[in-house]
Amino acid sequence: MAESSGPDPSGGPDESDGLREADGPAEGSRGPAGSAGPERGAAASAPGPAASARRKLRPEHYDFFAGGAGEETALRENERAFGRLALLPRVLRGGADLGTRVSVLGREWQAPLFVSPTAFHRLAHPDGELATARAAAATGIPLVTSMAATTAVADVVAAAREADSEALVWFQLYPQPEHEVTAELVRRAERAGCRALVVTVDSPVFGRRTRDLRNGFHDLPPGLAAENMRDLPGAAPGSTRDIAMWPAGWDDLARLRELTDLPVVLKGVLHPEDARTAVEQGVDALLVSNHGGRQLDAAPASVEALPTVIEAVAGRVPVLMDGGVRRGTDIALALALGARAVGVGRPVLWALATGGEDGVREVLTALREDFAHVLTLCGGRRPEDLTADQVVLRGLPYRPGGPGRGERAW
Ligand SMILES: Cc1cc2nc3c(=O)[nH]c(=O)nc-3n(C[C@H](O)[C@H](O)[C@H](O)COP(=O)(O)O)c2cc1C
Ligand SMILES: CC(C)CC(=O)C(=O)O
């Protein structure tokens with residue numbers, strides 16, 4: 001069971017290891033959740049979502065959710081990179097018929113937003129993934145459930161469909177060294193009713209998560225397990241170490257494709273050449289992500305990597321992104337740069353920890369509404385009205401976009 005203990009007795013990570021910034025108000029002050037809250041970097045007058053969650057969670061569980069690899073540079077930069085970008089609004093474009101729908105892999109989404117896969121929701125709240133699934137479904141937001149979920153994929157999909165029979169759930173998969181294990185996981189996702197596989201390819205090994213190493217955090221508390229791994233050959237799903245991360249190759253992706261007709265979304269692509277290869281190999285969509293700063297600490301922020309991937313893909317498949325999305329302006333920036341939709345990881349975990357199902361519903365609704373508001377302020381009526389010429393780097397001089405719509409301004 002997740003323990004929702006009292007205040008964090010440890011005071012969290014010490015401040016001498018360079019981790020403090022990601023852990024303190026800067027992280028918690030920008031939530032969509034806190035989208036009406038203080039500006040980036042300003043002292044938080046009210047506790048942000050991360051800080052509130054921290055008070056609810058065991059310190060090592062909070063650190064597992066909050067933390068990143070190494071110095072947590074990639075983690076911090078995901079949010080900061082959005083802060084370096086400004087949106088140029090267009091004016092006098094008229095029309096009151098605002099819509100936030102986007103089409104992704106043949107389905108209409110109500111908003112360009114989804115829940116990124118994160119492990120172990122029952123560390124955040126006893127209802128875990130069931131609460132997340134119900135809340136996502138109730139707000140019409142697709143959920144990518146993690147292979148490392150503490151609730152089996154069949155139960156996650158059932159909970160989502162109970163809230164909305166049309167609810168969309170995708171399954172995130174780490175390709176496993178034993179093909180038969182991968183095949184069984186794919187069968188479980190298919191049987192459950194998942195509509196796509198999100199194959200995470202940025203994890204040939206587990207990232208060195210500084211806080212987890214310091215806390216000695218590996219094992220789930222008694223009663224919790226990575227339920228999708230149950231009864232698989234060799235798996236004892238009670239520890240982070242039981243989720244094999246392994247250097248798969250393009251051949252493994254091809255073998256995976258032979259297993260299923262489900263669309264495949266490749267998660268964790270940052271290099272444009274990989275994006276090109278992925279499209280040539282027939283992947284159905286890409287998810288630009290640095291894994292929330294939990295794998296390669298020197299990786300660029302996801303939004304920094306987005307434009308070159310967009311260019312390489314050249315519209316052949318939809319490109320999604322996640323990492324550091326905390327408010328409507330972040331969604332608008334990513335869309336203007338060419339993403340079809342964006343995912344959120346930690347904001348959902350913080351909301352789950354503090355408010356359970358209601359909390360997740362509130363944070364997703366707030367993000368959706370904030371995006372609609374920003375879209376209107378930018379002079380757009382549809383997500384696709386946002387174009388790259390509307391994105392500029394902060395500071396002077398900036399070059400407003402060239403003659404063609406959609407041309408990058410930087
Ligand atoms: C606690 C936690 C667990 C995660 N677990 C997974 C996972 O099981 N599979 C995966 O592909 N990505 C996982 N991720 C990465 C997320 O899918 C996503 O890329 C990242 O959280 C997005 O950044 P954000 O948290 O800034 O929104 C995890 C991230 C966090 C914070
Ligand atoms: C425990 C892992 C399987 C999940 C995780 O922490 C991650 O992917 O970042």
Side-chain angles (χ1 to χ4, degrees), residues 22 27 30-33 49-50 53 57 60-69 72 74-82 113-124 129 132 143-150 153 170-176 197-203 205-209 211-212 217-220 224-226 228-229 235 237-246 265-270 287-296 299 301-303 305 320-327 330-331 334 342-353 363 367:
E27 180 183 59
R30 308 187 52 222
L57 298 170
E60 66 274 27
H61 298 165
Y62 171 79
D63 276 346
F64 168 72
F65 289 143
E72 300 192 331
L75 168 66
R76 273 192 302 279
E77 287 297 312
N78 271 349
E79 291 192 29
R80 284 191 178 170
F82 279 114
L113 179 65
F114 63 95
V115 178
S116 283
T118 51
F120 307 156
H121 287 199
R122 288 178 69 200
L123 289 180
E129 290 84 1
T132 311
L143 165 69
V144 185
T145 192
S146 170
M147 179 174 135
T150 38
V153 58
W170 291 357
F171 184 75
Q172 178 269 325
L173 177 79
Y174 289 110
Q176 293 298 289
L197 290 180
V198 175
V199 182
T200 302
V201 291
D202 58 15
S203 305
V205 288
F206 209 82
R208 287 217 172 91
R209 304 189 182 157
R211 304 189 204 198
D212 294 347
F217 175 71
H218 312 285
D219 296 335
L220 293 172
L224 293 195
N228 293 315
M229 306 301 291
S239 163
T240 56
R241 289 178 288 201
D242 297 318
I243 315 287
M245 291 187 173
W246 158 76
V265 181
L266 222 54
K267 176 174 186 280
V269 175
L270 296 171
L287 203 173
V288 173
S289 173
N290 67 14
H291 209 114
R294 294 160 76 82
Q295 288 298 109
L296 177 65
S302 298
V303 72
L320 315 174
M321 73 81 67
D322 72 20
V325 173
R326 300 293 178 264
R327 52 180 67 191
D330 300 337
I331 303 175
V342 304
V344 280
R346 293 181 183 84
V348 168
L349 294 169
W350 305 146
L352 182 64
V363 82
L367 269 168

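Being a predicted model, the structure only gives us computed values, none of them experimental. All residue numbers in this chain count up from 1 along the given sequence. Just follow the structure's listing: the first ligand is 1, and inside any ligand the first atom is 1.
Nearest heavy atom pair, residue Ala334 against residue Val342, reads CB-CG1, 3.5 Å. Taking both residues in full, the closest heavy atoms of Val303 and Ala81 are given as CG1-CB, 3.5 Å, listed atom of the first, atom of the second, then distance. Closest approach of Gly292 to Ser289, counting heavy atoms only: N-OG, 4.3 Å. Pairing each heavy atom of Asn78 with each of Gly323, the nearest pair is ND2-CA, 3.6 Å.
Ring orientation note: the planes of Trp350 and Phe65 are nearly perpendicular, at an angle over 60° on the 30°/60° scale.
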**Asked** Should Leu220 and Phe120 be marked as a side-chain contact (heavy atoms from CB on, under 4.5 Å) after you check the CA-CA gap, both sets of side-chain angles, and the distance that decides it?
**Response** CA-CA 8 Å; Leu220 293 172; Phe120 307 156; 3.7 Å; yes

**Request:** Begin with the C-alpha distance, continue with both residues' side-chain angles, and end with the deciding distance and a verdict on side-chain contact (heavy atoms from CB on, under 4.5 Å) for Tyr174 and Met245.
**Result:** CA-CA 7 Å; Tyr174 289 110; Met245 291 187 173; 3.5 Å; yes

**Request:** Start with the C-alpha distance between Val348 and Thr132, add both sets of side-chain angles, then the distance that settles side-chain contact (heavy atoms from CB on, under 4.5 Å), and finish with yes or no.
**Result:** CA-CA 8 Å; Val348 168; Thr132 311; 3.8 Å; yes

**Message:** Using the rule given for side-chain contact (heavy atoms from CB on, under 4.5 Å), can you reason through Phe114 versus Val198, listing the C-alpha separation, both sets of side-chain angles and the distance that settles it, and then say yes or no?
**Reply:** CA-CA 12 Å; Phe114 63 95; Val198 175; over 6 Å; no

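Looking at atom 7 (C) of ligand 2, its nearest protein heavy atom turns out to be His291 NE2, 3.2 Å. Nearest to atom 3 (C) of ligand 1 among the protein's heavy atoms is Ala119 N, 3.4 Å. At the shortest separation from atom 2 (C) of ligand 2 among protein heavy atoms lies Phe206 CE1, 3.8 Å. Ranking the protein heavy atoms by distance from atom 5 (C) of ligand 2 puts Arg209 NH1, 3.5 Å first. Closest protein heavy atom to atom 13 (C) of ligand 1: Pro117 O, 3.0 Å. Scanning the protein heavy atoms around atom 23 (O) of ligand 1, the nearest turns out to be Gly323 CA, 3.4 Å. Of all protein heavy atoms, the one lying nearest to atom 27 (O) of ligand 1 is Gly345 N, 2.8 Å. The closest protein non-hydrogen atom to atom 18 (C) of ligand 1 is Asp322 OD2, 3.2 Å. Closest protein heavy atom to atom 4 (C) of ligand 2: Ala119 CB, 3.7 Å. The protein heavy atom nearest to atom 9 (O) of ligand 2 is Arg294 NE, 2.7 Å.
With a heavy-atom cut-off of 4.0 Å, Tyr174 touches ligand 1 through its side chain alone. Under 4.0 Å from ligand 1, not a single heavy atom of Gln295 appears. Contact annotation: for Arg346 versus ligand 1, heavy atoms closer than 4.0 Å belong to both the backbone and the side chain. At a 4.0 Å heavy-atom cut-off, ligand 1 touches Lys267 through the side chain alone. Within the 4.0 Å heavy-atom criterion, neither part of Met147 lies near ligand 1.
With Glu79 as reference, Arg326 is the one residue of Arg326, Arg346, Arg327 to meet the side-chain hydrogen bond (donor to acceptor under 3.5 Å, both in side chains) rule.
Atoms of ligand 1 found under 4.0 Å from any heavy atom of Ser289, numbered from 1 in the order shown, are 19 (O). Near Phe120, meaning under 4.0 Å from one of its heavy atoms, ligand 2 places the atoms 1 (C). Against a heavy-atom cut-off of under 4.0 Å, Leu349 is close to the following atoms of ligand 1: 1 (C). Close approach of ligand 1 to Ser146 is summarised as follows: ligand atoms under 4.0 Å from at least one heavy atom of the residue are 7 (C), 8 (O). Near Ile243, meaning under 4.0 Å from one of its heavy atoms, ligand 2 places the atoms 3 (C). Near Thr200, meaning under 4.0 Å from any of its heavy atoms, are these atoms of ligand 1: 10 (C), 11 (O). Residue Gly292 has at least one heavy-atom neighbour below 4.0 Å for each of these atoms of ligand 1: 19 (O), 20 (C), 23 (O). Near Ala148, the atoms of ligand 2 lying under 4.0 angstrom from a non-hydrogen atom of the residue are 3 (C).
For the ligand labelled ligand 2, residue Gln295 lies outside the 4.0 Å heavy-atom shell. Residue contacts with ligand 1: Arg326 is included, with a non-hydrogen atom under 4.0 Å away. In this structure, Val344 is part of the shell of residues with a heavy atom less than 4.0 angstrom from ligand 1.
Separating the CZ atom in Arg209 from the CD atom in Gln295 is a distance of 5.0 Å, to the nearest 0.5 Å. The line from NE2 of His61 to CG of Leu123 is 4.5 Å long, rounded to the nearest 0.5 Å. Here the CG atom belonging to Leu320 is positioned 11.5 Å from the CG atom belonging to Leu266, to the nearest 0.5 angstrom. Atom CG of Leu113 and atom CG of Leu367 lie 5.5 Å apart (nearest 0.5 Å).
Side chains of Arg211 and Phe217 form no contact here, defined as non-hydrogen atoms less than 4.5 Å apart.
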